[in-house]
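Taking it in order: structure first as structure tokens, then the write-up.
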Amino acid sequence: MFQKRFRLHLLPLSEKYYQFPLLGNAVTLSDGVQQPSDATIAKLVLESDPLTLSEALCMPTIQWAPELVNRVLKRLWNHGPKALQFFKHLDRHPSYIHCSSSFDHAVDIAARMHDYNAAWALVGRMRSLRRGPTHRTFAILGERYAANGKPHRTVRTFLSMHEHGCRQDLNSFNTVLDVLCKSKRVEMAHTLLKTFRSRFRLDSVSYNIIANGYCLIKRTPMALQVLKEMVQRGINPTMITYNTLLKGYFRSSQIKEAWEFYLEMKKRKCEIDVVTYTTVIHGFGVAGEVKKSRRVFDEMVKEGVAPSVATCNALIQVLCKKDSVESAVVVFEEMVRKGLCVPNLVTYNVVIRGFCHVGDMERALGFMGRMGEHGLRASVQTYNVVIRYFCDAGEIEKGLEMFGKMKDEPCLPNLDTYNVVISAMFLRKKSEDLVVAGKLLMEMVDRGFLPRKFTFNRVLNGLAITGNQDFAKEILRKQGRCGRVVRRLKL
DNA sequence: CTAGGGTTAG
């Protein structure tokens, strides 16, 4: 049925482009053929069911390339089942072969849905195609295990790497340490480090990771202990070590210690960098010392250190929270005007949240509309903020309207979005709202999200007491069939 | 995807 043809050699060899052949007539690729964008393809995948998918994707003008596939997968990130359907469909393509980064995305998506069997099957497939698995693949698996509360499996996965044709080295070891620390399992990471000290030549990265881990759980004394430990072993602390500790002080609200540490850094003539300044600006601001934040910002400019977007975002956020949105917007406009830095998604989300917080939804939406000026589009987070504040203000209809708008992008709702919208369906005490909540609940499960037991029970109870028992039963029945995801809820 | 700085509610 499929014929292998149209392999294009016009492009760099590293980027292999293929074309999906048209059934029947041969098609010559002429210049100016409309190549569907990743958004178009994502929509196609979302609109077609598994049976019509292959037909829908069999368009002659699609030239598959790793970058395109990855962008589509990213678009479908919040619809795991569809994303994997798409990936598997393309995996059966007669000539296109997924590259390792696409496999990594697929592994990530499967593992995020707690479907480890599927994830490992993909690892196997990768290996048989000689496309991996790579160190990155194992980093992803380890991260998912840790994030899903299975840190022991993170370690086991690391220890089994070599059985899948991937050697353990210091980098992959450091990654495991980091993944454990980021999921608050510092003790475990520290023990692991001590166990493998002789097997790998640990470097400053290893120790920085552990120190940061202790800072994340606000145990700065232990972080200092790690610093001592590394010095004893003859490894020099770096700028990153100091910045990590500085941040640690702020995180555990040790403002005085943070300030002293900062002064000490300056006195020791170690080059204070942009990260140091950003940390201090943010730290003081969060502690309510906005004036000091501003002063440090000016000082940094005076010292000739260029602020980054992160620095600007830190100051803008601090002004929003502890001063006023107005002053934050002044800074925002000034930065854009002076070209000090280019606003990114975070910048916009911060400002938009600031307006929402003072109830100025109109200007919040205005800024949302302005995002295009900087080549940006509203993200899920942007929508989540706006929807949340509309609902909090009792404007449920407008919240739902925004929720509906996401579909056009397409910007798929994530777990937070569903939680916000479903909670809002309880505010008006209307029976119709609960039916909507029920539908949303089914939709989120279909999309690979695992609602909290609390959400599930709340919706079912709500439906039961508003005379929608039949619908409640239907949900229960459907979900009962729906496989392992919901079985974990132990209804 | 080898470490540090901006989005997450009070």
Side-chain angles (χ1 to χ4, degrees), chain A residues 100-101 104-105 107-108 132-144 169-179 181-182 189 200 202-213 215-216 223 226 230 235 237-248 250-251 265 272-283 285-286 293 296-297 300 305 307-321 328 331-332 335 341 343-354 356-357 378-386 388-389 391-392 414-417 419-420 423:
Chain A
S100 71
S101 65
D104 286 343
H105 280 306
V107 168
D108 203 0
T134 64
H135 286 91
R136 206 165 129 179
T137 318
F138 288 99
I140 289 166
L141 279 166
E143 188 182 335
R144 286 300 163 201
D169 57 9
L170 181 58
N171 289 353
S172 49
F173 181 65
N174 283 342
T175 305
V176 172
L177 294 181
D178 195 38
V179 156
C181 285
K182 298 257 161 76
F200 300 106
L202 301 183
D203 56 3
S204 62
V205 178
S206 322
Y207 287 96
N208 287 343
I209 288 168
I210 304 292
N212 187 43
C215 289
L216 288 175
V226 173
M230 81 189 272
I235 296 165
T238 63
M239 200 58 208
I240 292 177
T241 319
Y242 296 129
N243 285 338
T244 301
L245 275 154
L246 182 63
K247 175 80 188 167
F250 279 118
R251 203 190 304 270
M265 280 170 81
I272 306 284
D273 68 6
V274 58
V275 178
T276 318
Y277 282 115
T278 307
T279 306
V280 175
I281 290 165
H282 187 250
V286 168
S293 284
V296 174
F297 188 87
M300 120 181 237
V305 178
S308 65
V309 221
T311 320
C312 301
N313 292 345
L315 184 63
I316 290 172
Q317 195 217 138
V318 154
L319 291 171
C320 276
K321 277 194 173 162
V331 172
F332 175 92
M335 282 169 182
C341 58
N344 61 11
L345 254 168
V346 178
T347 325
Y348 274 100
N349 288 344
V350 165
V351 174
I352 289 168
R353 177 174 291 114
C356 287
H357 200 73
S379 65
V380 209
Q381 286 87 347
T382 320
Y383 280 106
N384 288 351
V385 169
V386 177
R388 164 175 277 132
Y389 279 93
C391 292
D392 282 358
N414 65 13
L415 188 62
D416 288 336
T417 324
N419 283 333
V420 168
S423 307

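Fair warning: this is a prediction, and the values are worked out from it, not measured in the lab. Chain naming here is simple, since letters A, B, ... match the order of the sequence lines and numbering starts at 1 in each.
Within 4.0 Å (heavy atoms only), Val280(A) reaches no atom of the nucleic acid at all. Residue-level contact check: Arg353(A) touches the backbone only, with heavy atoms under 4.0 Å from sugar-phosphate atoms and none from bases. Note on Val346(A): a base of the nucleic acid sits closer than 4.0 angstrom, heavy atoms only. In this structure, Leu177(A) reaches neither bases nor backbone, as no heavy-atom distance under 4.0 Å exists between it and the strands shown. At the heavy-atom level, Asp178(A) lies under 4.0 Å from the strands shown only through sugar-phosphate atoms. Residue Asp273(A) is in base contact, counting any heavy-atom pair closer than 4.0 Å across all strands shown. Among the heavy atoms of the strands lying under 4.0 Å from Ser308(A) is at least one base atom, whether or not backbone atoms are also near. Ser204(A) comes within contact range of at least one nucleobase, with a heavy-atom separation under 4.0 Å. Among the protein residues, Thr311(A) comes within range of the nucleic acid bases, having at least one heavy atom under 4.0 Å from a base atom.
Looking at Thr241(A) and Thr238(A), their side chains do bring a donor and an acceptor atom within 3.5 Å of each other. No hydrogens or angles considered: nothing links the side chains of Asp178(A) and Asn212(A) as a donor-acceptor pair under 3.5 Å. A donor and an acceptor atom, one from each side chain of Thr382(A) and Ser379(A), are located under 3.5 Å apart.
Glycosidic conformation of dG5(B): anti, with the torsion beyond 90° of 0.
One atom, CG of Asn349(A), and another, C1' of dT7(B), lie 6 Å apart when rounded to the nearest Å. The interatomic distance linking Lys321(A) (NZ) with dG10(B) (P) rounds to 7 Å, in whole Å. Summarising the geometry, the separation between OH on Tyr383(A) and P on dT7(B) is reported as 22 Å, rounded to the nearest angstrom. For the pair Asp416(A) CG and dA9(B) P, the computed distance is 11 Å after rounding to whole Å. Rounding to whole angstrom units, CG of residue Leu246(A) and C1' of dA3(B) are separated by 16 Å. Here dG6(B) presents its C1' atom at 13 Å from CE of Met300(A), a figure rounded to the nearest Å. Computed from coordinates, the Met239(A) CE to dG5(B) P distance equals 13 Å when rounded to whole Å. The CZ-C1' distance, from Arg251(A) to dG6(B), rounds to 13 Å in whole Å.
Partners of Asp392(A) by side-chain contact (heavy atoms from CB on, under 4.5 Å), not counting sequence neighbours, listed by chain and number: Arg388(A). For Lys321(A), there are no salt bridge (Lys or Arg N to Asp or Glu O under 4.0 Å) partners at least two apart in sequence or on another chain.
Annotation: dA9(B) and dG5(B) have their C1' atoms spaced 23 Å apart (nearest Å).
Distances shown here put a side-chain N or O of His357(A) below 4.0 Å from the OP1 or OP2 atom of dG10(B). Distances shown here put a side-chain N or O of Gln317(A) below 4.0 Å from the OP1 or OP2 atom of dT7(B). Using a 4.0 Å cut-off, some side-chain N or O of Lys247(A) falls inside it from OP1 or OP2 of dG6(B). One finds a side-chain N or O of His282(A) lying less than 4.0 angstrom from the OP1 or OP2 phosphate oxygen of dG6(B).
The shortest side-chain heavy-atom distance between Asn414(A) and Asn384(A) falls under the 4.5 Å cut-off.
Closest to the Ala139(A) side chain, of the nucleotides dC1(B), dG10(B), dG6(B), is dC1(B). In the set dT7(B), dG5(B), dG6(B), dG6(B) carries the atom at the smallest distance from any side-chain atom of Asn344(A). Nearest nucleotide to the side chain of Tyr389(A), out of dT2(B), dA9(B), dT8(B): dA9(B).
Side chain of Asp203(A) to backbone of Ser206(A): a donor-acceptor contact under 3.5 angstrom is found.
Contact of Thr278(A) with dG5(B) (side chain to base): a donor-acceptor pair of N or O atoms is detected under 3.5 Å.
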